[in-house]
Amino acid sequence: MITLYDIPSTLPGVIWGPNTLVTRLTLEFKGIPFETKWVEYPEVEPAAKAISAEPTTVRPDTGKPKYTVPMIQDTSTGKTISDSWNILNYLEDTYPESPSLLPKGTKGLMKVFIASVNKKLVGDALMAFNFPQTARVMNPPGQEYFATVKAMEAGKPFPELEAGAKLEDVKSALNWVEEVIQLNGGEFLVGNSFSYAEVFVGAKIYWSVVHGKDSQLWKEIMTLNGGRWKKLVDHIETLVKVDQIASEYHAKSARL
């Protein structure tokens, strides 16, 4: 059995994490059974060390190893893997009978593409909106940690970051993704089928659910590019089994 480590919030039934959602969608698409272990932000490092998960980067304030989610533990192989890209490749290699999210010959291109999405859509656009709002919906144990660490990653305090948030930056980034789709034939991002590219972009877009589906940001994104992102989000919500997640969230919150 695979255990996926994820972070809860005060939004029952909402999977908000843009990174852990990538892995959750990967597992769901592949049909690989898994369970979720909910850990608050301050619990991530001790949880990772307890299962011998590798750090994925370094802390900007101390230079010490930083442990992040997603991470998975696979009891059937004894392996523990950190980082959504590493997890994807592990699952592709270990469970070759499952549907692939890496069309043949696209692995290198896929890695370049997701790096570009992280820069254009997340770093240059969504981060300014979503980092501050994510801190507001964290459970108390994670609020201060998230605000402190993520502000260092962003390079400025959250009030300053949020003040600079521009809807036009989000639109520009998603228009760029749409342009990639059109250059590839008008349906898929990489190759000729649903792939990790759609999973990755969809998870990053879905992060904006932290503002609520009545927010201007969410409504704007859902109407862009002929409703393409709404269709992708609808598919994501089918995959993540919202009712099941709501039950798990309530169970976690009751223990806090």
Side-chain angles (χ1 to χ4, degrees), residues 4-7 14-32 34 56-57 68-72 81-93 95 98-127 129-131 134 153 169-210 218 221-222 224-225 228-240:
L4 167 65
Y5 287 73
D6 202 346
I7 295 175
V14 175
I15 296 297
W16 64 272
N19 299 318
T20 53
L21 181 54
V22 170
T23 296
R24 184 177 294 276
L25 290 171
T26 299
L27 288 161
E28 294 285 13
F29 179 83
K30 287 178 161 295
I32 300 172
F34 70 98
T56 56
T57 183
T68 62
V69 290
M71 56 185 173
I72 65 168
I81 313 294
S82 306
D83 183 78
S84 56
W85 175 253
N86 294 338
I87 292 169
L88 168 69
N89 284 278
Y90 168 79
L91 295 174
E92 290 278 323
D93 293 341
Y95 299 93
S98 67
S100 178
L101 282 168
L102 283 176
K104 187 176 180 180
T106 67
K107 189 172 182 179
L109 177 62
M110 191 76 74
K111 189 167 186 179
V112 171
F113 174 74
I114 65 173
S116 296
V117 170
N118 257 338
K119 172 69 168 61
K120 292 178 179 290
L121 180 58
V122 180
D124 293 347
L126 288 176
M127 182 186 292
F129 284 97
N130 293 356
F131 265 7
T134 299
E153 290 181 10
D169 290 342
V170 178
K171 292 180 179 179
S172 176
L174 288 173
N175 285 337
W176 171 79
V177 179
E178 175 67 17
E179 182 181 357
V180 173
I181 293 173
Q182 295 304 322
L183 289 171
N184 198 41
E187 188 172 1
F188 301 107
L189 279 159
V190 176
N192 58 4
S193 62
F194 185 90
S195 73
Y196 187 70
E198 277 76 23
V199 166
F200 194 85
V201 170
K204 303 305 176 179
I205 288 173
Y206 202 77
W207 181 23
S208 297
V209 77
V210 294
W218 183 265
I221 292 174
M222 293 302 101
L224 283 175
N225 306 118
R228 181 183 296 280
W229 314 121
K230 183 181 186 307
K231 293 176 184 176
L232 183 55
V233 162
D234 288 345
H235 186 49
I236 284 173
E237 290 188 328
T238 299
L239 283 174
V240 297

Task: Residues forming a side-chain hydrogen bond (donor to acceptor under 3.5 Å, both in side chains) with S82, sequence neighbours excluded - done: none
Task: Results of side chain to side chain contact (heavy atoms under 4.5 Å, CB included) for A203 - residues two or more places apart only - done: L21, V22, L25
TODO: Could you note down all residue pairs passing side chain to side chain donor-acceptor pair (under 3.5 Å) where residues 114-123 supplies at least one of them, sequence neighbours left out?
DONE: K119-D124
TODO: With sequence neighbours excluded, tell me which residues meet salt bridge (charged side-chain N to carboxylate O under 4.0 Å, His left out) with K171.
DONE: E168, E220
Task: side chain to side chain contact (heavy atoms under 4.5 Å, CB included) against N192, all qualifying residues, sequence neighbours excluded - done: none
- [ ] With sequence neighbours excluded, give me every salt bridge (Lys or Arg N to Asp or Glu O under 4.0 Å) pair touching residues 176-186.
- [x] E178-R228
Task: Short side-chain to backbone donor-acceptor contact, E237 and D234, under 3.5 Å - done: no
- [ ] Tell me, with the steps shown, if F200 and F113 meet ring-ring contact (aromatic ring centres under 6.0 Å, His included).
- [x] CA-CA 10 Å; F200 194 85; F113 174 74; 7.7 Å; no
TODO: Only counting residues at least two apart or in another chain, list the ones meeting salt bridge (charged side-chain N to carboxylate O under 4.0 Å, His left out) with E153.
DONE: K66, K150
Could you tabulate the donor-acceptor pairs under 3.5 Å formed by side-chain atoms of residues 101-109, not counting sequence neighbours?
| from | atom 1 | to | atom 2 | distance (Å) |
| --- | --- | --- | --- | --- |
| T106 | OG1 | P103 | O | 2.6 |
| K107 | NZ | N89 | OD1 | 2.9 |

Task: Those residues that, when tested against E92, pass salt bridge (charged side-chain N to carboxylate O under 4.0 Å, His left out) (two or more places apart) - done: K30
Task: S208 versus W218, closest heavy-atom pair with distance - done: C-CE3, 3.7 Å
Open item on the list: Run the side chain to side chain contact (heavy atoms under 4.5 Å, CB included) test against D83 and tell me which residues pass, sequence neighbours left out.
Closed with: T56, W85, N86
TODO: Just jot down the ring pair (Phe, Tyr, Trp, His ring centres under 6.0 Å) partners of W229, sequence neighbours excluded, or say none.
DONE: none
TODO: Sequence neighbours left out, what passes side chain to side chain contact (heavy atoms under 4.5 Å, CB included) with P18? Give chain and number order.
DONE: W16, K204, W207
